[in-house]
Amino acid sequence: MHEIATAGELAARADWDALVVWGGQGLVGDRARAWYAGDAVAVAVADLSKHDRLVVRGPLADLVPLVGSLLGELGTGFRPFGEEALIRELVARVPELSLRATFGWMETAAVPSQPTTAAWLDGDDGVEALLSEASPESYAWPGASGVLRWAGVVDEAGELLSIAADGWSAPEVGFMAGVATRPDARGRGLSREVCAFVTAELVKRHGRTGLMVHGDNEAAIAVYRKLGYTYRAVAAAHM
């Protein structure tokens with residue numbers, strides 16, 4: 001097992017996998033550390049989208065001993081996270097692990113052509129109230145660690161109708177979170193507008209952007225696909 005020293009080395013060893021690179025968070029300070037063993041790569045990052053994550057990639061023959069060593073070193077709070085098929089196989093090989101959740105990772109390097117009236121908000125007034133009404137299970141909230149700024153669509157009276165956040169973005173991979181639309185404003189394409197705006201801004205800034213979505217949220221997945229995102233099934237495990 002060897003530690004990876006730079007974000008560039010991590011990207012190269014992970015074959016520029018956006019999920020792994022995002023997990024590295026630029027390898028800034030002590031927040032994220034990465035290792036490799038053979039062709040397997042693992043990135044430990046604290047408080048990334050609400051959880052301490054161990055983002056993994058690579059062949060099981062190399063990955064199983066690497067993960068075993070790291071869980072012993074890092075403790076039980078870090079959740080192995082990666083492509084669903086890989087995590088299921090990892091759980092089958094490591095008796096201490098069990099499957100925690102399955103969902104989707106979506107990413108794009110394209111700037112959407114969707115017309116939009118969305119813009120970055122000057123602060124976060126009204127965001128918490130909208131989330132409480134429309135998406136109380138959101139991981140992104142105003143003031144949360146890693147949540148940088150909010151975009152929104154407002155009506156003529158200045159009331160927030162739809163929002164999305166720039167949260168937990170890495171230098172090489174932006175990340176969109178906290179997508180929500182007020183219930184009485186749904187069905188008007190506002191979520192697509194605000195997501196198009198945030199996606200365009202993050203792609204321009206980072207070169208690529210990603211998001212996570214429940215695998216059974218077909219409506220949201222359809223919106224993201226229209227904006228150029230592709231879908232990968234991912235999963236998390238825990239001890």
Side-chain angles (χ1 to χ4, degrees), residues 1-59 62-63 65-75 77-84 86-87 90 103-111 139-140 144-149 164-178 198-213 228-232 234-237:
M1 181 173 73
H2 306 278
E3 188 155 4
I4 294 171
T6 68
E9 182 187 359
L10 172 63
R13 290 195 176 277
D15 198 24
W16 290 90
D17 184 326
L19 182 61
V20 177
V21 174
W22 172 70
Q25 292 288 292
L27 292 184
V28 175
D30 296 328
R31 183 162 174 244
R33 295 175 65 191
W35 300 264
Y36 73 94
D39 292 326
V41 175
V43 184
V45 55
D47 194 20
L48 179 61
S49 187
K50 263 186 84 172
H51 296 294
D52 295 341
R53 301 182 185 272
L54 184 65
V55 188
V56 297
R57 171 189 167 92
D62 296 329
L63 189 60
L66 176 60
V67 168
S69 296
L70 289 174
L71 290 177
E73 178 179 332
L74 298 169
F78 281 82
R79 298 180 173 194
F81 171 56
E83 291 202 354
E84 182 178 345
L86 180 63
I87 295 299
L90 188 63
F103 40 102
W105 164 270
M106 302 188 74
E107 64 184 76
T108 184
V111 173
Y139 279 16
S145 173
V147 178
L148 301 180
R149 53 184 175 166
D166 169 4
W168 306 290
S169 289
E172 313 88 342
V173 183
F175 192 77
M176 180 168 66
V198 173
T199 298
E201 291 288 295
L202 294 180
V203 168
K204 290 173 185 176
R205 183 183 182 98
H206 301 278
R208 180 174 295 273
T209 193
L211 59 86
M212 286 192 277
V213 63
Y229 285 84
T230 57
Y231 181 94
R232 295 164 65 186
V234 294

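Index from 1, following the sequence. The figures that follow rest on heavy atoms only: side chains count, while hydrogens, waters and symmetry mates do not. Since this is a predicted model, take the numbers as computed values, not measurements.
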Backbone N or O of A14 within a donor-acceptor pair of the R57 side chain at under 3.5 Å?
yes
Answer yes or no: is there a donor N or O on one side and an acceptor on the other, between the side chain of R53 and the main chain of L48, under 3.5 Å?
yes
If I compare all heavy atoms of G26 with all of A170, which pair ends up nearest, and what's the gap?
N-CB, 4.4 Å
Report the distance from atom CH2 of W105 to atom OG1 of T230, rounding to the nearest 0.5 Å.
10.0 Å
Please, which pairs that meet side chain to side chain donor-acceptor pair (under 3.5 Å) have at least one residue in residues 202-212, sequence neighbours excluded?
E107-R208
To the nearest 0.5 Å, what is the distance between OH on Y231 and CE on M106?
8.0 Å
Indicate yes or no: at least one non-hydrogen side-chain atom of E201 is less than 4.5 angstrom from one of D166.
no
Taking the inter-plane angle between the rings of Y139 and H51 on a 0 to 90° scale, is it parallel (under 30°), tilted (30 to 60°) or perpendicular (over 60°)?
perpendicular
Exercise: identify the closest heavy-atom pair between L90 and P80
CD2-CB, 4.1 Å
Just wondering, do L71 and L54 contact through their side chains at under 4.5 Å, heavy atoms?
yes
What class does the angle between the rings of W22 and F175 fall in, given that below 30° is parallel, 30 to 60° is tilted and above 60° is perpendicular?
parallel
In terms of heavy-atom contacts, M176 and L202 come closest through N-CD1, 4.0 Å
Donor-acceptor pair, R13 side chain versus W35 backbone, under 3.5 Å?
no
Is there a side-chain contact between V20 and L10 (heavy atoms, below 4.5 Å)?
yes
Out of curiosity, S49 OG to D52 CG, how far, rounded to the nearest 0.5 Å?
11.5 Å
Over all heavy atoms of both residues, which pair between A200 and V111 is shortest? Give the atoms and the distance, please.
CB-CG1, 3.7 Å
Can you give me the closest heavy-atom contact between A42 and L70, atom names plus distance?
CB-CD1, 3.5 Å
If every non-hydrogen atom of G207 is compared with every non-hydrogen atom of A109, which pair is closest and at what distance?
O-CB, 3.6 Å
I need the K50 NZ to M212 CE distance, nearest 0.5 Å.
11.5 Å
Hey, could you give me the OG1/CG distance between T108 and L211, rounded to the nearest 0.5 Å?
9.5 Å
For atom CG of D39, decide whether the heavy atoms of other residues, nucleotides or ligands shown that lie under 6.0 angstrom number more than 12.
no
Starting at CG of D17, measure out to CZ of R232 and round the result to the nearest 0.5 Å.
4.5 Å
Do any N or O atoms from the side chain of Q25 and from the backbone of W168 form a donor-acceptor pair under 3.5 angstrom?
yes
Side-chain contact, heavy-atom cut-off 4.5 Å: I87 with F81?
no
Partners of E172 by side chain to side chain donor-acceptor pair (under 3.5 Å), sequence neighbours excluded?
none
